[in-house]
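Note that these values count all heavy atoms, side chains included, but never hydrogens, waters or copies made by symmetry. Counting begins at 1 with the first residue of the sequence.
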Amino acid sequence: MTNHPNDLKKEFQVERIAFFSDAVFAIAITLLIIEVKVPEVHDDGHSVAHKLGELIPKFIGFIVSFFVIGMYWVNHHRFFKHIIHYNQKLIWGNMLLLFSIVLMPFSSAFYSEYWFSDSLISIGFYVFNITLTGIFNTRMWYIISNPANKLSSGLEDRNLVRYLITRSMVPSFIFTLSFIVALFSRPVAYWCPVLIFVVLMFIRMYYKKHHPEIFAKL
């Protein structure tokens, strides 16, 4: 039995959106390391070590942004596990999410370069970028899971949808918290993103205890 031509066309269009999105994520995550330039040193080994030490903030920015983009890619992968159809709302919702992802290499480099400056503009811009990504990501879950849009299958369980939406909001919440903490202590704020993994772990533990059935559907 062959699939209906319209079903094949629909599946192909959904795959196009997924493949395009994967390419954008891959380019954005690659551009992160390109922003970390190899220092030019014309002296002894001590100078090399000193120059490498100066790159530590950039490497921290790279690592944080790498895992943030990675988390959103994993989440994006979950979108397309459930998506069976598409419409303009989905396409443009996805484009807005990709816009915020593409912006991240710049905001990450800006954040790393001027972290120790007196101004909070660099961290504020970076937090704005992460928050924007979280908003667009959460909006995608609402678009996909809304039964009226008829875009997905396997998202009928509202506890599952709440779990996925709650997870998607965590990075934005933690980075906003880090901005508030930066008003009082920059060094403490620098380590706040680690809380993302801690909060996600507790959310998972909560849902495993109260709604264990949803994990079979992930």
Side-chain angles (χ1 to χ4, degrees), residues 3 7-8 10-26 28-29 63-101 104 127 129-178 192-218:
N3 290 328
D7 292 334
L8 291 173
K10 186 194 312 178
E11 183 180 341
F12 174 69
Q13 294 298 335
V14 170
E15 286 180 350
R16 283 190 66 197
I17 298 171
F19 291 152
F20 175 75
S21 302
D22 283 346
V24 171
F25 272 95
I29 213 166
I63 292 168
V64 171
S65 296
F66 181 91
F67 282 104
V68 168
I69 293 178
M71 286 170 58
Y72 280 116
W73 179 81
V74 171
N75 194 73
H76 197 272
H77 179 69
R78 287 198 180 104
F79 290 159
F80 284 87
K81 179 181 178 181
H82 298 285
I83 293 173
I84 57 172
H85 196 19
Y86 70 98
N87 59 17
Q88 290 298 310
K89 188 180 290 186
L90 173 71
I91 292 172
W92 284 106
N94 190 62
M95 288 297 290
L96 287 173
L97 175 59
L98 295 181
F99 164 77
S100 63
I101 292 295
M104 211 168 290
V127 168
N129 191 178
I130 300 291
T131 302
L132 200 64
T133 305
I135 291 170
F136 290 150
N137 188 74
T138 301
R139 182 172 180 267
M140 280 288 287
W141 276 121
Y142 278 112
I143 292 171
I144 295 165
S145 64
N146 187 345
N149 291 328
K150 299 179 181 179
L151 296 174
S152 65
S153 67
L155 291 177
E156 295 77 20
D157 189 332
R158 302 318 296 175
N159 288 321
L160 172 61
V161 174
R162 276 193 288 272
Y163 171 69
L164 294 169
I165 289 174
T166 302
R167 283 179 56 90
S168 72
M169 295 169 64
V170 170
S172 297
F173 173 77
I174 297 298
F175 274 94
T176 301
L177 175 65
S178 73
C192 280
V194 176
L195 291 174
I196 291 173
F197 303 101
V198 177
V199 174
L200 288 177
M201 180 184 69
F202 277 107
I203 291 172
R204 184 178 179 85
M205 288 170 59
Y206 173 84
Y207 275 87
K208 274 218 165 185
K209 180 179 180 180
H210 297 280
H211 307 287
E213 72 285 352
I214 69 172
F215 292 91
K217 304 171 185 177
L218 289 174

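The 12-atom threshold is exceeded at CZ of Phe80, counting heavy atoms of other residues, nucleotides or ligands nearer than 6.0 Å. The 12-atom threshold is exceeded at CZ of Arg158, counting heavy atoms of other residues, nucleotides or ligands nearer than 6.0 Å.
One distance of note links CZ of Arg167 with CD1 of Ile165; it measures 13.0 Å at 0.5 Å rounding. In this structure, CD1 on Ile101 lies 10.0 Å from OG on Ser65, to the nearest 0.5 angstrom. With rounding to the nearest 0.5 Å, the separation of OG in Ser152 from CD1 in Ile83 is 8.0 Å. Taken to the nearest 0.5 Å, the OG atom of Ser21 stands 8.5 Å off from the CE atom of Met95. Here the straight-line distance linking atom CG of Asp157 with atom NE2 of His211 works out to 8.5 Å at 0.5 Å rounding. Within the model, atoms CZ of Phe67 and CD1 of Ile63 stand 7.5 Å from one another, a figure rounded to the nearest 0.5 Å.
Side-chain N or O atoms of Glu15 include none that pairs as donor or acceptor with a backbone N or O of Gln13 at under 3.5 Å. Judged purely by atom type and a 3.5 angstrom limit, His82 uses its side chain to pair as donor or acceptor with the backbone of Ser153.
Side-chain contact between Leu155 and Leu164 is present, with at least one heavy-atom pair separated by less than 4.5 Å. The side-chain heavy atoms of Ile196 and Met71, taken from C-beta on, include a pair separated by under 4.5 Å. Looking at Ile91 and Gln88, their side chains come closer than 4.5 Å, going by heavy atoms from C-beta outward. Residues Phe175 and Val64 have side chains in contact (heavy-atom distance under 4.5 Å, counting atoms from C-beta outward). Side chains of Tyr72 and Pro171 form a contact here, defined as non-hydrogen atoms less than 4.5 Å apart.
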Please list, one pair per line, the donor and acceptor atoms closer than 3.5 Å that link side chains of residues 132-148 to other protein atoms, with sequence neighbours excluded.
from: Thr133; atom 1: OG1; to: Ser100; atom 2: OG; distance (Å): 3.1
from: Thr133; atom 1: OG1; to: Asn129; atom 2: O; distance (Å): 2.9
from: Asn137; atom 1: OD1; to: Asn75; atom 2: ND2; distance (Å): 2.8
from: Thr138; atom 1: OG1; to: Gly134; atom 2: O; distance (Å): 2.8
from: Thr138; atom 1: OG1; to: Ser168; atom 2: OG; distance (Å): 3.0
from: Trp141; atom 1: NE1; to: Asn75; atom 2: OD1; distance (Å): 3.2
from: Ser145; atom 1: OG; to: Trp141; atom 2: O; distance (Å): 2.6
from: Asn146; atom 1: OD1; to: Ala148; atom 2: N; distance (Å): 3.0

Please output the side-chain donor-acceptor pairs of residues 197-210 that fall under 3.5 Å, not counting sequence neighbours, one pair per line with the distance.
none

Inset, instruction - Start with the C-alpha distance between Glu213 and Asn159, add both sets of side-chain angles, then the distance that settles side-chain contact (heavy atoms from CB on, under 4.5 Å), and finish with yes or no. - result: CA-CA 9 Å; Glu213 72 285 352; Asn159 288 321; 4.1 Å; yes

Inset, instruction - Apply the test side-chain contact (heavy atoms from CB on, under 4.5 Å) to residues Asp22 and Trp73: give CA-CA distance (whole Å), side-chain angles for both, the deciding distance (0.1 Å), then the verdict. - result: CA-CA 8 Å; Asp22 283 346; Trp73 179 81; 2.9 Å; yes

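Nearest approach of Gly70 to Ile29, heavy atoms of both residues: N-CD1, 4.2 Å. Leu90 and His85 get closest at one heavy-atom pair: CD2-O, 3.7 Å.
Aromatic pair His76/Phe25: ring centres closer than 6.0 Å.
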